[in-house]
Amino acid sequence: MSTQSEKAMRRVRARVDGTVQGVGYRPFVFRLAAELGIAGWVLNDERGVLVEAEGPPDAVHVFLARLRADAPPLAEVRGVEAQDVPVVGEAGFEIVSSVHGGAATAPVTPDSATCDDCLAELADPSDRRHRYPFLNCTNCGPRFTIVRGIPYDRPLTTMAQFEMCDDCRAEYEDPGDRRFHAQPNACPICGPQVRLLERSGEPVEGVGDALRAAADDLLEGTILAVKGLGGYHLACRADSEQAVAALRSRKRREDRPFALLVADVETARSLVELGPVEEALLTSRERPIVLARRLADAAVAPSVAPNVPDLGVMLPYTPMHQLLASDTGVPLVMTSGNTSDEPIAFADEDALDRLRRIADRFLIHDRPIATRTDDSVVRVVRERPLMLRRSRGYVPASLDLPVPSSLHLLGVGAEQKNAFCVAKGDRAWPSHHIGDIKNYETLQSLETGIAHFERLFEVEPQLVVHDLHPDYLSTRYALAREDVQLFSVQHHHAHLAATLAEHGETGLAVGAIFDGTGYGTDGTVWGGEILVGGLDRIERSGRIRPIRMPGGARAVAEPWRMAAAWLTELQVRLPPAFEDIAQPRWNMVARLSINGIGSPFTSSAGRLFDAVAALCGVRLEVTYEGQAAIEFEALADRAAVDPYPLELEHRGTAVALDVRPTILAVLDDIAAGVPVSTISARFHAGLARATTEALVLVAGRQELDLAVLSGGVFQNRLLLELTTAALEEAGLRVLVPEKLPPNDGQIAFGQVAVAAARLAAG
Ligand code: ZN
Ligand code: ZN
Ligand code: FE
C-alpha cells in the first residue's frame with residue numbers, strides 16, 4: 001500500500017538562476033507549493049534559489065513550469081534546471097533559512113514603481129498605511145537607491161535607522177505575507193516621514209499633512225524642491241506660465257525641456273500622442289520619462305518645452321509622487337534639482353544649500369538616498385524603445401555579454417553622459433547615469449559609483465578599459481588605477497560594439513556611427529563614421545568629409561562657427577541669418593578655419609547638423625549640446641521628401657560623404673526663400689539616403705548583411721526612421737540600440753564587450 005503511493009510520487013531538485021533574491025521569490029514558491037499540494041523546501045544560496053519538491057508527478061510538472069511562468073513581478077528567472085532525486089516521503093513545505101548566512105550575492109534589483117496592491121492600500125482610509133508616502137512591499141519600492149552594500153539586507157540600506165514596529169516585523173517575518181523580507185518595509189508608526197520646510201530650512205508652521213500642504217503650495221504657484229527616490233526635483237504646476245517661467249529663470253540660462261509628472265495615463269493622453277509602445281513604457285514599473293509628441297491643445301505652459309514638439313511625461317513611481325500628483329490634480333513640472341551644469345542634488349544639506357536660490361519651499365523626508373540616480377528618458381522610434389538616458393528604474397539590471405570575459409572588467413566610459421560598466425563572465429552591469437565628467441563633483445560620483453558597483457556585484461577589475469582620448473577625466477581615472485591592466489577602445493568602435501553586444505551579435509557588421517565628438521585612431525576628431533567590424537576590431541571604411549572646427553570646443557557652443565567654416569571653404573557669401581555677427585568676429589573665425597590654429601578637422605555629423613541649422617538661422621549659439629540639431633529636426637516638414645544632393649567620393653576602398661553640394665543647395669533654398677521646414681526635411685532625407693548608399697556599398701564589398709546605426713546623432717527620430725527604412729528596403733538587417741542609449745551612455749558597455757572579445761581572441 002505504502003509502496004504503491006510512493007511509486008506514484010516524484011521528487012525533484014530544481015536550481016533557479018537569475019534575479020530571484022530579495023524579490024519575494026521564496027514566499028512565491030512557498031505559496032505555489034501549498035496551492036499544488038507539494039512537499040519539500042526552498043532556500044537561497046550563493047547561486048540563486050534551490051528547491052526540492054515532492055508530490056504527484058502531474059503536480060510536480062506544473063510546479064516546475066510555474067516556477068518560471070508565474071514568478072513574481074520583480075524576479076527575472078534566467079533558467080530552471082531540475083533533476084529527479086529519490087522520494088523521501090516528506091510532508092509540508094518550508095522556507096529554509098539561508099546557507100552561508102544569507103543572501104551574500106543577492107543581486108540588487110532596480111527601484112520599482114508602487115504596485116497595484118500598495119496603491120490600493122494607499123487610497124484606503126481604513127488601511128494602516130492610508131496616505132503613507134513610503135509604503136512598499138516585496139513586489140515594489142526602493143532598491144538600488146537605498147542600498148549601501150551587500151548582503152541586500154535592511155542594516156545595509158538607508159532604512160537601517162528605522163526600527164520596524166511589531167506590526168511591520170510580523171509582516172516581514174511571515175512567509176505568507178506580501179511583505180515577507182521586504183527590506184524597506186515601513187509604516188507611519190515606524191518608518192520615514194515627510195516634512196515641509198521654508199527656504200530657510202525651518203519647518204513650515206501649522207502643517208498637519210505635509211503632503212497636502214505641499215500640494216496646496218503647488219496649486220498656488222509655489223516652486224518646491226522635492227526629495228524623491230534618486231535625488232531632488234524642482235516642481236511647480238505645469239499649466240502656469242508664471243510659475244514655469246519663474247522656475248526657468250531661477251535655474252538660469254536653461255532652454256532644456258522640463259519633464260512632467262501626471263497622476264495617470266488619462267492625463268498623459270490629454271497632453272501627448274501615445275501609441276501602444278509609449279503607453280507600455282509609461283506604465284512600466286521602470287517608469288521612465290517618455291518623450292512623445294505634444295498635442296496642440298495640451299494645457300501646458302509654453303516655457304515647459306520651448307521650440308520642441310515633444311513633451312517628456314512620466315507617471316508617479318513612488319507613493320509620495322502619487323499623492324502629490326493626485327492631490328494637485330494638475331500636471332506638475334518635475335525637473336532635476338540643480339542649476340544648469342551641476343549634477344542633481346541628493347544629500348539634504350547640499351540640496352538645501354544649492355536649491356535655496358531656486359525653490360520657495362522644500363518637501364523633504366528622512367530616508368537618505370544612497371546613490372544619486374536621475375530619471376530615465378526614453379522615446380519610441382519605429383515601435384521600438386530608444387533609450388536616451390538609462391538610470392532610475394533600469395539600473396542595476398545586468399546585460400548579457402555575448403562573448404564571456406575571462407577577466408573581471410571595468411569600462412570607464414567617455415566624458416559626456418558618462419556611465420561606467422563592470423563585468424565578469426557573461427554578465428555586465430552598466431551603471432546609472434553619471435553625467436558630464438568635467439568637474440570635481442561628477443568625477444567623484446564616478447569614483448564612488450565604481451567602488452559601489454565593485455562591492456555590489458563582487459567584481460574586482462583586473463582589466464580597466466578606457467577611451468582613446470587622453471584628456472577625458474575618465475581616461476585619467478583609469479590610468480591612475482593601480483595593479484590593473486589597461487586597454488583602450490576607440491570611441492566609435494565602442495558605439496558599434498555596444499549595439500552589437502546588447503543584441504547578442506558576435507558577427508561582423510557595417511555601421512554608421514554619427515555623434516558629436518570622438519577621438520580617432522589618427523588623433524583627429526571623428527563623429528561621422530562608416531565602419532566595418534565586430535566586437536573585437538573595426539576598420540574605418542568611410543566618413544563625412546572633414547572640415548575645420550573653428551576654435552575647437554567653442555564651435556560646439558556656437559554652431560555659427562561651423563557654418564562659417566563651410567562658407568569659407570566654399571567661398572560663398574553669408575546668408576541673412578549671419579547679419580548680427582560682428583565683422584571682426586566673423587573674420588577671426590574665417591581665419592581660424594583656414595589656418596587651423598586650435599581648430600582641428602572633424603568628420604562629426606553633429607557639427608554638420610549644427611552648421612546647417614545655423615545657416616538657416618535656427619540657432620547661432622546653444623545652451624546645451626545638440627540644441628540646434630534638435631530644434632532643426634523639430635521644424636522638419638515630413639511631407640517634403642526631395643532629398644538634397646550628397647555625393648559619395650571614392651578614395652581607394654574608402655568612401656567620403658561629400659556634403660559640399662548639400663551646403664550649396666541649402667544656401668540656394670535660403671536665398672530663394674524656401675521655408676526652413678522644407679530645408680530641414682530635404683537635409684534629413686539627403687543625409688539618410690547618402691548614409692544608406694555608403695553602408696550598402698561597403699556591405700556589398702564585404703558580403704555583409706547586417707547594419708548598425710548608433711551615436712548621439714541617431715537620437716534624431718527622423719534621421720533614424722529614414723535611414724533604417726532605406727537600409728531595410730535595400731535588404732540589410734538593421735540594429736539600433738534599445739537597452740542602452742545611442743549616445744555616450746552606451747560607451748562603457750561597448751568598451752567591456754570589446755575587451756571581452758579581444759581576451760577571447762587571445
Ligand atoms: Zn507593493
Ligand atoms: Zn511599522
Ligand atoms: Fe559618442
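One-based numbering, in listed order, for ligands and for the atoms of each. Basis for what follows: all heavy atoms, side chains included, without hydrogens, waters or symmetry-related copies.
For the Fe ion (ligand 3), the nearest N, O or S atom contributed by D744 is named OD1. When distances from the Fe ion (ligand 3) to the N, O or S atoms of D515 are compared, OD2 comes out shortest. Of all N/O/S atoms in H495, NE2 sits nearest the Fe ion (ligand 3).
With ring centers used as reference points, F609 lies under 6.0 Å from F683. Taking the ring centroids of Y472 and H466, they lie at or beyond the 6.0 Å cut-off. Proximity of the aromatic rings of Y132 and F134 is defined here by a centroid distance below 6.0 angstrom, and this criterion is met.
Taking every heavy atom of both residues into account, N139 and R178 meet most closely at ND2-CG, 4.0 Å.
When rounded to 10 degrees, the angle formed at the Zn ion (ligand 1) by SG (C118) and SG (C115) equals 110°. Rounded to 10 degrees, the SG-metal-SG angle spanning C168 and C190 at the Zn ion (ligand 2) equals 110°. To the nearest 10 degrees, the Zn ion (ligand 1) sees SG of C137 and SG of C140 at an angle of 120°. Between SG of C187 and SG of C165, the angle at the Zn ion (ligand 2) works out to 110°, rounded to 10 degrees.
Among the backbone and side-chain atoms of H492, no N/O/S atom is found under 2.8 Å from the Fe ion (ligand 3).
Within the 4.5 Å cutoff, the side chain of V377 has no heavy atoms near those of the P288 side chain.
In this structure, R619 does not pair ionically with E558, as no charged nitrogen and carboxylate oxygen lie closer than 4.0 Å.
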